[in-house]
Each structure stands twice: as structure tokens, then as C-alpha cells.
Amino acid sequence: MKQSMISLGLLLCLLLLAGCGPKSEPQTQPAPTSVASETTLPPGTTAPAESLPEPNEYHEVFTSTDGTVEFTLSATLPEITPLPVIQAEPRDLTESDIQRIGQALFGDAVFYREEEMFEEEYTREELQKKLDLWALYDTPEEMAKLYPYRDQEEDPYLEREAEVVNSFIEEYSAYLPDCPEEKNDPVCDWTFQNGQIATQVEIDGIPYSFSGSKIGGNKNTIWAYISPGAGPGQIENDHYEALLCRVEEPTADQVAAVKAKAETILADMEIGNWQVTTCEVSSTDMGKEGQPLLSYKIQIRALPVFNGFPTMPWMTTDYRWAGGEGVQMEFAPDGTLLFCKVEQNYRAAASATFDMLPMEQVLARVKEELSEQTITDFGYSEETIVSLRQETGEEIICKAAVFELKYGLLRTNSTIPGGGWQYVPAVMVFGEPSLCVKSTGEEKMTFEDYFGNTAPRRFACIHAVDGTAVEFPD
């Protein structure tokens, strides 16, 4: 697979150096054959627009080569339209880029240079505000209001954290008389210091950390998140999140308003073109069993658009601190920003167009790739499988429901000279696995990842130009 991808990348580079990319006239491919559709077009013919077939529904059940996985493929087959292979090079963030992104997120607020934790100098008003907030949670009973899912009688956490809060109140109260009346922190001049710009900014009484870097693991990455500074653990962060997110479920109008706000922020950043690919409401139950108390967030994911072509995410689930690409944002239902991360930014350096494989060939490769997988390829350990066999006295298999095939430009694991990535036309396959008793089909276990998420899993990905299996970025 690597040899094929490298060869394609080398071909692209040679053709672009020669002054032109390999181009061919788009050819109309036969419509994919499926159980649900009998409409096909002979090779090389073009149907009138009004007679083109609707997207095909495909249904098939098949088993992996080793017999440990039963696949049920039931999905709409995407249309394979011509897409380019794009080489995207890193775009280094400048000082003015970071300033502009900060202002896109926080408007005309005043940004101060961020001090090291526990070295901040607070004004008397700022410190009194923190002391008043800490005092809200100085007993286990009050702490239980912030963490209602914890059992006050059985969980020592509440009492322990209340003691920590009181120790902070005692220590910082002693500093109060000596605090200055006016803020002495230097206003940010938007110049790199030690390779980064780190600031503090406050909007509507909520303190944030905003930073951008040109070195290290966070090179060309922007971070913005609620950050109260020195304090007892996560108490202040959790206080603000509870205040903003433990509200009624967001309405459709609120979600639409947040999406529009995110799109305005992306445009004002002026670091390339973006498309919002995810705008959804997430909820976390903070209550005790049988006493739900939901905390709502509106999550935004935006991916780069190269030469007018949007890209697809390669991560099936967005995690706040996980690596990836593009822009991730979280908002409270009222539109208050909770978090933003701008991953390393890229711009299209070169592109070329190749002939696409017809969908039936891509589908055949999808089935080949799936058929080679085994029960342990779906995140289930041998110990888990053996345990279920002993528990049931039956043979255990994995049943994998394949319900979505997505087609588009996908970032691959193929790097290009000088840094950057290759984006290729590809079909990604998504589904949900579960462990079942082979003889009866009884479901015994569904899949949860390390974070406890049950989102659809990515089963395979096929290159739509050469049919190889695409390797995902590390």
C-alpha cells in the first residue's frame, strides 16, 4: 500500500514540476450494480441529466475470511465524481495571524500577556471575585451541587475538595490587602516570546487563555479555553461550565445561531477557506442514577476547503484535546465560547486530476478489505472473547453493521517533501461492531472506545484512484 501511495505522490510531483498535471476528460462510469437498483449505463455513454439514477441502496451479508466476523452491508453507495489529488503544504502562523484569530474569537477585548501559573498578580477586585466564587463550594454539601453525581456519604472526594478550597481561601485571603487597585499585567503586543504568544482575556466576566505557537508539538496551533488561573483544581472551570451548560436543551434556532457565529469567526480568521462539517448538540448527564441533570454543548467542526473542494474528517469522533486537523469549537447553548482549537493549517501547493475508479470496483475493494479483518481488529481483546465464550459456553463472533460509505477528499498518511500532506479521493466505510453468540445472534457486548464513546467506527478506507487501502495519519 505504501509503495502505491508513494508512487502516486512521486508521479504527481514529477507532473507538476513539468508544468502541468495529468488531466483526462471525465468519463461517465456505469452506475453501481446493487440489489436495490437495476438501472445501469453502458460504459462510455452519457445519460441525460433528468434520467440519471437515484443514489443506489446496496444490501449484502458476507463473512470474513477467517469466519470470525459477519458483515451486514446496508448503505447508500456514493457517486464517484472527479476529484483532484492535492498536496497541501504547512502554512506557518505569523504574529499578525495569531492577533487576527484572537480578535475573531474575542472581538475588541484587551489581551494581557499570560503569566506562569501561581505567579499571576491579581487586582484586589479580581482576587475578591475568586474568593467569593471559591466560597460557594467550601463545604461538602455545597460541593455536591457542583458534582451531583458523587455520593456525599460514600465518596470522600467532596469532603477532600472542600478542604482544598478552604486552604486556598485562607492562603489567598492573606494576599488581598496587598493587591493593587489597578491591573499591572502588560497588554499583549502580539510578538513571539520563546516561540509563542500566550495571553489572558476576559469576556462577560469569564476568563480565557488564548495562545498560538510556532515551535514544538503545538507548532502552528491555536488554543482558546476557559482558564481562571490559580485555584483549587478544576473548581472554577467546572463552575463556569455548569453555569453555562446546565440549561434547557438548545433549540434549533440556537444551534443555527451558533453555526452562523462559528462561520463568521472562521471567515474573520482569514487563514484559508473552511466548511463546517459538524454542528451538533452533545449532552452529559451530571446527575445521579435516576436523577438526570444534563449539561449541553454545541460542537462545531470545520475542515479545510482546497481549490473549492471540501475535505472529509478522518477521525470518527471529535475529542477536545485529540490531534486531528481543521478547527474544533465548543459553545454553550447561549453562544458563549467554551473552547477552540485550530490545528496546523495547510494550503494547497499543487493538484492534479486522475481517472476515478467506478463505484463497483471501489465496492469490490471495500469488501476485500473488510473480508481480511478479524474479530480482534474491532477493538475486542482475546481476553474479552475468551471470557464471553466461558460465560455462554458458545462460540462468539463479531457482527459488524456497515451503514455508511462516504466519498470525498481525505488527508492520508503520505507526507510530501518539505512537510505537509497528500489529500486523495477516497471512500470511507463506517459501521458499528458488536460481539454476539454465533448460534443465536444474541448480542453480548457493543463497542466503546477508551473515552467511553459508542460513535460509528471507521472500518476501512479505499483510494478512489488506485484502489489501495488508505493509511490514516498517526
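Just so it is clear, the model here is predicted, and its values are computed rather than measured.
Residue Leu93 holds its CG atom at 4.5 Å from CG of Asn220, rounded to the nearest 0.5 Å. Rounding to the nearest 0.5 Å gives a distance of 7.0 Å between CD1 of Ile226 and CD of Glu241. Atom CZ of Phe192 is separated from atom CG of Asp189 by 11.5 Å, given to the nearest 0.5 angstrom. The distance from the CG atom of Asp285 to the CG atom of Leu293 is 7.0 Å, given to the nearest 0.5 Å. Between atom CZ of residue Phe339 and atom CD of residue Gln328 there is a gap of 6.0 Å, rounded to the nearest 0.5 Å. Note: Phe106 CZ to Glu202 CD = 11.5 Å, rounded to the nearest 0.5 Å.
The closest side-chain heavy-atom distance from Leu370 to Phe62 is below 4.5 Å. At a threshold of 4.5 Å between non-hydrogen side-chain atoms, the residues Lys341 and Glu343 count as touching. By the 4.5 Å heavy-atom criterion applied to side chains, Arg347 and Glu89 are counted as neighbours. At least one side-chain heavy atom of Leu435 sits less than 4.5 Å from a side-chain heavy atom of Ile375. Using a 4.5 Å cut-off on side-chain heavy atoms (C-beta onward), Thr68 and Thr376 make no contact. Put simply, the side chain of Val402 does not reach to within 4.5 Å of the side chain of Phe430, judged on heavy atoms. Side chains of Leu338 and Tyr240 form no contact here, defined as non-hydrogen atoms less than 4.5 Å apart. Counting heavy atoms from C-beta outward, Ile271 and Arg100 have side chains that approach closer than 4.5 Å.
Contact between Tyr407 and Ala464 at its shortest, heavy atoms only, is CE1-CB, 3.8 Å. Nearest approach of Leu83 to Phe309, heavy atoms of both residues: CD2-CD2, 3.4 Å. Residue Pro425 comes nearest to Val85 through the heavy atom pair CD-CG2, 3.9 Å, listed as atom of the first residue, atom of the second, then distance. Nearest approach of Ser434 to Tyr380, heavy atoms of both residues: CA-OH, 3.3 Å. Minimum interatomic distance between Leu146 and Ala242 (heavy atoms only, all atoms of both residues): CD1-CB, 4.1 Å. Taking all atoms of both residues into account, the shortest heavy-atom contact from Gly326 to Pro304 is CA-CD, 4.4 Å.
Judged purely by atom type and a 3.5 angstrom limit, Gln200 has no side-chain atom pairing as donor or acceptor with the backbone of Gly229. At distances below 3.5 Å, not a single donor-acceptor pair connects side-chain atoms of Asp268 with backbone N or O atoms of Ile265. Without hydrogens or angle criteria, Asn56 side chain to Tyr58 main chain gives no donor-acceptor distance under 3.5 Å. Panel note: side chain Thr412, backbone Gln422; a donor-acceptor pair is recorded below 3.5 Å. Between the Tyr112 side chain and the Lys183 main chain, no donor and acceptor come within less than 3.5 Å of each other. Within the 3.5 Å criterion, the main-chain N or O of His463 finds no donor-acceptor partner in the side chain of Thr468. For Ser64 (side chain) and Val69 (main-chain N/O), a donor-acceptor pair under 3.5 Å exists by modelled atom type. Arg411 contributes no side-chain N or O that, together with a main-chain N or O of Tyr423, makes up a donor-acceptor pair within less than 3.5 Å. For the pair Ser371 (side chain) and Glu369 (backbone), a donor-acceptor distance under 3.5 Å is absent.
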Verify side chain to side chain contact (heavy atoms under 4.5 Å, CB included) between Ile80 and Val427, making sure each step is shown before the conclusion.
CA-CA 9 Å; Ile80 304 296; Val427 172; 3.8 Å; yes

Start with the C-alpha distance between Lys367 and Leu363, add both sets of side-chain angles, then the distance that settles side chain to side chain contact (heavy atoms under 4.5 Å, CB included), and finish with yes or no.
CA-CA 6 Å; Lys367 291 164 59 179; Leu363 180 61; 4.3 Å; yes

Check the pair Thr199 / Glu114 against side-chain hydrogen bond (donor to acceptor under 3.5 Å, both in side chains), numbers first and verdict last.
CA-CA 4 Å; Thr199 73; Glu114 188 168 77; over 6 Å; no

Residue pair Glu126, Lys129: steps toward the salt bridge (charged side-chain N to carboxylate O under 4.0 Å, His left out) verdict
CA-CA 5 Å; Glu126 288 173 335; Lys129 178 182 175 182; over 6 Å; no

CA sep, side-chain torsions, deciding dist, call: Leu266, Met329, side chain to side chain contact (heavy atoms under 4.5 Å, CB included)
CA-CA 11 Å; Leu266 291 167; Met329 300 185 205; 3.9 Å; yes

Audit row: Ser213, Lys219, side chain to side chain contact (heavy atoms under 4.5 Å, CB included) steps and yes/no
CA-CA 5 Å; Ser213 177; Lys219 182 178 179 181; 5.5 Å; no

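Under the 30°/60° scheme for interplanar angles, the aromatic rings of Phe71 and Phe378 are found to be tilted.
Thr72 and Ser74 form no side-chain donor-acceptor contact under 3.5 Å, judged by distance and modelled atom types alone. Side-chain N/O atoms of Glu70 and Thr63 include no donor and acceptor closer than 3.5 Å. Of the N and O atoms on the side chains of Glu432 and Thr446, not one donor lies less than 3.5 Å from an acceptor on the other residue. The closest side-chain donor-acceptor pair between Asp253 and Thr251, if any, does not fall under 3.5 angstrom. A donor-acceptor pair shorter than 3.5 Å cannot be found between the side chains of Tyr225 and Asn237.
Remark: Lys261 NZ is packed, more than 12 non-hydrogen atoms of other residues, nucleotides or ligands lying under 6.0 Å away.
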